Number of protein chains: 2
Amino acid sequence: MPDAPPPSLDPVQLGAYFTLIEVTSLLRHAVEQQLREAGNLSYVQFQLLARLGDSPTGSHRMTDLADGVVYSRSGLTYQAGLLEKAGLVVRAPSPDDERSVTVTITDAGRALLAEVLPGHIEVVSGLLFEPLSPADVRALAALLAPVRDHIRAAPPRSAASRRRQAQ
Amino acid sequence: MPDAPPPSLDPVQLGAYFTLIEVTSLLRHAVEQQLREAGNLSYVQFQLLARLGDSPTGSHRMTDLADGVVYSRSGLTYQAGLLEKAGLVVRAPSPDDERSVTVTITDAGRALLAEVLPGHIEVVSGLLFEPLSPADVRALAALLAPVRDHIRAAPPRSAASRRRQAQ
DNA sequence: GCAGCGACGTTCGAATTCGAAGCAGTAGGC
DNA sequence: GCCTACTGCTTCGAATTCGAACGTCGCTGC
């Protein structure tokens with residue numbers, strides 16, 4: 001390709017982009033406070049517990065967790081260490097693959113999750129959903145889902161060079 | 001109030017909420033890489049420069065910047081220090097209020113912003129807007145704007161206690 | 001089998017982040 | 001004019017975050 005067409009965003013796009021970032025920043029900030037007060041959890045920790053609690057088996061591999069919450073591997077190691085020290089999860093080598101580590105939520109983890117969840121939901125309800133009608137929420141979900149799939153599918157920018165580095 | 005009505009989110013709401021968080025996490029991650037490569041800027045730094053560049057005067061007060069990008073004051077002090085050391089902004093005491101500090105973008109700051117912006121826009125276009133039609137984008141903006149206003153208007157959860165801390 | 005390549009998780013060091021405490025400067029009541 | 005409360009920013013210490021380097025394990029071709 002010669003060069004990209006004048007890469008600019010029209011005002012509507014810019015507004016949507018900025019508002020998206022702003023809304024999530026604000027929401028995340030508020031939620032973080034609530035989680036800290038209610039259960040001394042950081043947002044990442046909550047996300048991890050929530051994902052584990054949602055899983056049928058109550059467990060996930062480290063890498064899948066990191067990917068799921070968009071976190072660095074080393075960061076996840078650190079957080080998993082904290083959660084384990086707090087007795088909220090357990091780490092064990094995978095049975096089938098000796099390399100990978102399986103993280104499993106404990107009963108204490110589920111209990112804490114259950115304790116924190118109502119307040120969390122209340123905050124999200126009050127801030128994010130309060131100004132939105134049920135139809136709005138459906139529309140929002142319908143708009144964002146394809147975006148998520150698209151970004152997930154997109155090669156992570158650095159992969160391009162990696163894939164064809166061997167010419 | 002006796003107690004809140006069963007605070008639960010229906011599956012659609014949950015999906016919308018999770019997708020919202022996921023999309024912005026992914027987007028932010030991708031953008032962060034691009035900014036790092038293109039101009040050695042963190043996302044916060046870019047946001048700050050962008051806000052300053054957008055301002056008619058090219059400047060803002062520290063507090064307003066921190067509020068705008070949803071950042072802690074101390075964090076902003078740190079970042080402003082970095083940007084100033086890099087010659088991208090200048091800090092000066094406000095003329096009218098001796099307490100506050102006015103941050104102003106320099107020509108070098110504008111130049112860097114201009115240099116980084118096309119790539120930034122390209123990433124956002126390719127990831128966020130690629131799966132969305134112009135109508136979708138309008139809808140998204142229309143959905144999120146009220147949410148932003150609502151959250152901005154909401155009392156910051158901790159303000160209640162601060163206001164009445166003196167008994 | 002075994003050499004080489006790739007995936008998984010951890011360790012390490014450096015940079016960033018936040019809240020609490022502190023230091024001015026400002027506004028209002030008297 | 002002062003005293004008190006409040007705002008604006010910075011400093012400080014502790015916690016978190018990431019990428020790079022590392023050790024280990026699994027998979028392929030031979």
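By convention in this document, chain letters (A, B, ...) are assigned in the order of the sequence lines, proteins followed by strands, and residues within each chain are numbered from 1. Fair warning: this is a prediction, and the values are worked out from it, not measured in the lab.
The side chain of A:Arg73 places no N or O atom within less than 4.0 Å of a non-bridging phosphate oxygen (OP1 or OP2) of D:dC18. The side chain of B:Ser100 places no N or O atom within less than 4.0 Å of a non-bridging phosphate oxygen (OP1 or OP2) of D:dG8. Between A:Thr77 and the phosphate of C:dT10, there is a side-chain N or O to OP1/OP2 separation shorter than 4.0 Å. Between C:dT10 and A:Arg91, a contact under 4.0 Å exists linking OP1 or OP2 to a side-chain N or O.
Between B:Tyr78 atom OH and C:dA20 atom C1' there is a gap of 19 Å when expressed in whole angstrom units. Distance A:Gln33 CD to C:dG19 C1': 11 Å, rounded to the nearest Å. Distance B:Asp97 CG to D:dC6 P: 17 Å, rounded to the nearest Å. One atom, CG of A:Leu76, and another, P of D:dT17, lie 10 Å apart when rounded to the nearest Å. If you take CG of A:Asp96 and P of D:dC27, they are 10 Å apart, rounded to a whole angstrom. Rounded to whole Å, the distance from CZ on A:Phe46 to P on D:dT16 is 18 Å. Atom CD of A:Glu98 and atom C1' of C:dT10 are 15 Å apart (whole Å). Taking atom CZ of residue B:Arg28 and atom C1' of nucleotide C:dT17, one finds them 12 Å apart after rounding to whole Å.
For B:Val44, taking side-chain heavy atoms from C-beta onward, the closest of the listed nucleotides D:dT16, D:dC25, C:dT17 is C:dT17. With D:dT17, D:dC25, C:dT16 as the choices, the nucleotide that has an atom nearest any side-chain atom of B:Leu82 turns out to be C:dT16. Here the nucleotide nearest the side chain of B:Tyr71, chosen from C:dC18, D:dC25, C:dA15, is C:dC18. Of the listed nucleotides (C:dT10, D:dT17, D:dC18), C:dT10 has the atom at the smallest distance from the side chain of A:Met62.
Between the side chain of B:Thr63 and the base of D:dG8, no donor-acceptor pair under 3.5 Å is found. Between the side chain of A:Arg99 and the base of D:dT24 there is no donor-acceptor pair of N/O atoms closer than 3.5 Å. With hydrogens and angles ignored, a donor-acceptor pair closer than 3.5 Å exists between the side chain of B:Ser74 and the base of C:dG19.
A:Asp136 and A:Ser133 share a donor-acceptor pair across their side chains, judged by distance under 3.5 Å alone. Checked by atom type, the side-chain pair B:Thr102/B:Ser59 shows no donor-acceptor distance below 3.5 Å.
No contact: B:Arg36 has no heavy atom under 4.0 Å from any strand.
Salt bridge B:Arg51/B:Asp54: absent, no basic N to carboxylate O contact under 4.0 Å.
What you find for A:Leu128 and B:Val147 is that their closest heavy atoms are O-CG2, 3.7 Å. Taking all atoms of both residues into account, the shortest heavy-atom contact from A:Gly58 to A:Arg110 is CA-NH2, 3.8 Å.
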